[in-house]
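Encoded as structure tokens, the structure appears first; notes follow it.
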Amino acid sequence: MAERTAPVPFRGGGFQPRPRRLVPVAVFVAVIGLWQLASARGWLPALFMPSPWQIVGALGDMIDSGTLGKHIGASLSRIALGWVLGTSAGLAIGLAMGIFSAARAAGLPVVSALFPIPKIALLPLFILWFGIGEPSKVATIGFGVFFPTVIAAYTACDSVPRNLIRMGQSFGLPAAAIVWKILVPGAMPGILAGFRITASIALILVVAAEMIGAQYGIGAFILSAGNLMQTDQLLAGVALLSLLGLAVSAVLGAIERAVLRWR
Amino acid sequence: MDLRLEGITHHYDGLLALDGIDLAVRDGETVAIIGPSGCGKSTLLGIVGGLLKPTAGRVVTVGAPRADSLNPFTYVFQDFALLPWRTVAANVALALEHHRLPRAERQARVQAALALTGLADFAAALPRQLSGGMRQRVGIARALVVRPAVLLLDEPLSALDAQTRELLMEDLLAIWARERSTRLYVTHNLDEAARLADRVVVLSRRPGRIREIVAIDVPLAERSGPAIAGVREHLWALIRDEARDAEREVQHG
Ligand SMILES: Nc1ncnc2c1ncn2[C@@H]1O[C@H](COP(=O)(O)OP(=O)(O)OP(=O)(O)O)[C@@H](O)[C@H]1O
Ligand SMILES: [Mg+2]
């Protein structure tokens, strides 16, 4: 006697993000296309919301007149200098706090008290100290980058498994070797994650600092475009910031892939 | 080099973990330490290797370790404790890097240790690419590369599945037949104790005291057969009730 057969229905699948290459491109094209269409039909007031095409045109003008390079160069050099200074100091202090109990006990209250201050609030003070020029902007960025780096570095030290350190001690490794061969490489993932945060902080601070007093720089450019109601130029500057952020994150991604290949 | 543990007692702020352990270990001997969970086995091993300071008592060595021993007391860890960013060969070399050795000898030692543990083909692999058994082989190679006088193994096979454990036990016996060290081997597994050890130290539940020391006089070669069943039974009878009590204990703190 033959029993009726029935396949077991499939119930799995889904809930698993998978890369879809075309979707992001399609969304991008659709949003910009709709925006352009809305501008062309006059649904968006051209004075307050220029069309994508006008923004591209504004960017083209900047390239032609040679101001684009000046603005980007000014912003980038401030970011680079401030970030490198803040990061070096932050790593030194943060690693010291990760290694020495005394350094942690001394540093933690100071860091906790100063970390929550929005660093742009200190720019006027830095202007009084260093003048309106470059040093006050670089100091603001460096200061803003310093504290998150300290916190990332010492928490990353804490996250290095203690059994690896005990292993080092059990083989008689000198303390310096334990720091350089075990602690620092083990803290690298946390430190690099901190870099992502400080890179975005640096971008915010450079724009803010340039809006307070600068001739060149993307922040200064956006502010002056706003003052003249040149919304196409203003948005061109905003688009530049987006591109700059993407470029920085691509560089950091490449560094992470190279340094953390073992993961 | 013989080893003497004299009245080792250890408190963890108020909690008595070990109480008056006296033990003499002869050079070249394999001593297994078994006992219920939490009876202080890891604590004892930590004290012997100088990673923990006992509350009272001391560990003394009798005679000098062999001249070529770079790190007389060397551990093999339950969780392997490999540096994930270093290759197999570099993990093994880590134990030598802070010693003044000619580069050629350093390389030769690493190669020899890798060959002894069957890792010669995996020198450039990263730990994450290896199975648990191969990772512990790296841990063993790293320990052998410094030519230890005393090998301290804290449940070295506990993180491995039963088949891998069986294979590694055979490997350990083969390695130990070729290399001269004293071994202290902490384990939960009565099989490992009965297969590998010359003597088995049975600890009571916390505070750990020596309940009995069981000498196993079956030759190593015959240990895999039924000859060892009696020893196993005996060990199990010794720890069974205490293991049950220890398991039912509510953890404080
Ligand atoms: N750092 C510590 N601080 C406080 N108590 C500890 C510490 N390490 C271990 N203990 C306690 O001391 C006792 C002995 O610990 P130990 O790790 O030596 O036991 P063990 O025999 O190795 O246990 P297991 O079989 O679970 O590995 C346990 O009760 C444990 O909770
Ligand atoms: Mg233990």
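Note that the structure is a prediction, hence the values are computed from the model and not measured. Values below: all heavy atoms of this structure, side chains included; hydrogens, waters and symmetry mates excluded. Each chain gets a letter, A, B and so on, in the order the sequences are listed, and its residues count up from 1.
Taking all atoms of both residues into account, the shortest heavy-atom contact from A/Lys181 to B/Arg86 is CD-NH2, 3.6 Å. Minimum heavy-atom separation, B/Pro84 to A/Trp262: O-CB, 3.3 Å. Annotation for A/Phe171 and B/Asn71: closest pair CA-ND2, 3.6 Å, computed over non-hydrogen atoms.
Rounding to the nearest 0.5 angstrom, the gap separating the CE atom in A/Met167 from the CG atom in B/Leu51 is 11.5 Å.
Both the backbone and the side chain of B/Leu94 have a heavy atom closer than 4.5 Å to some heavy atom of chain A. For a residue to count as touching a neighbouring chain, one of its non-hydrogen atoms must lie under 4.5 Å from one of that chain's; by this rule B/Phe80 does not touch chain A. If you measure heavy-atom distances from A/Leu260 to chain B, you find no contacts under 4.5 Å at all. Using a 4.5 Å cut-off between heavy atoms, B/Phe77 touches chain A through its side chain atoms alone.
At a heavy-atom separation below 4.5 angstrom, chain B is approached by no residue within residues 77-96 of chain A. Identified by a heavy-atom distance below 4.5 Å to chain B, contributing residues of residues 196-204 of chain A are lacking entirely.
Every pair passing side-chain hydrogen bond (donor to acceptor under 3.5 Å, both in side chains) that includes a residue from residues 130-143 of chain B is listed here, sequence neighbours excluded: B/Arg137-B/Asp171.
Counting non-hydrogen atoms of neighbouring residues, nucleotides and ligands closer than 6.0 angstrom, the CZ atom of B/Arg58 reaches no more than 12 such neighbours.
Shown here are the salt bridge (charged side-chain N to carboxylate O under 4.0 Å, His left out) partners of B/Asp68, two or more places apart in sequence or in another chain: B/Arg66, B/Arg147.
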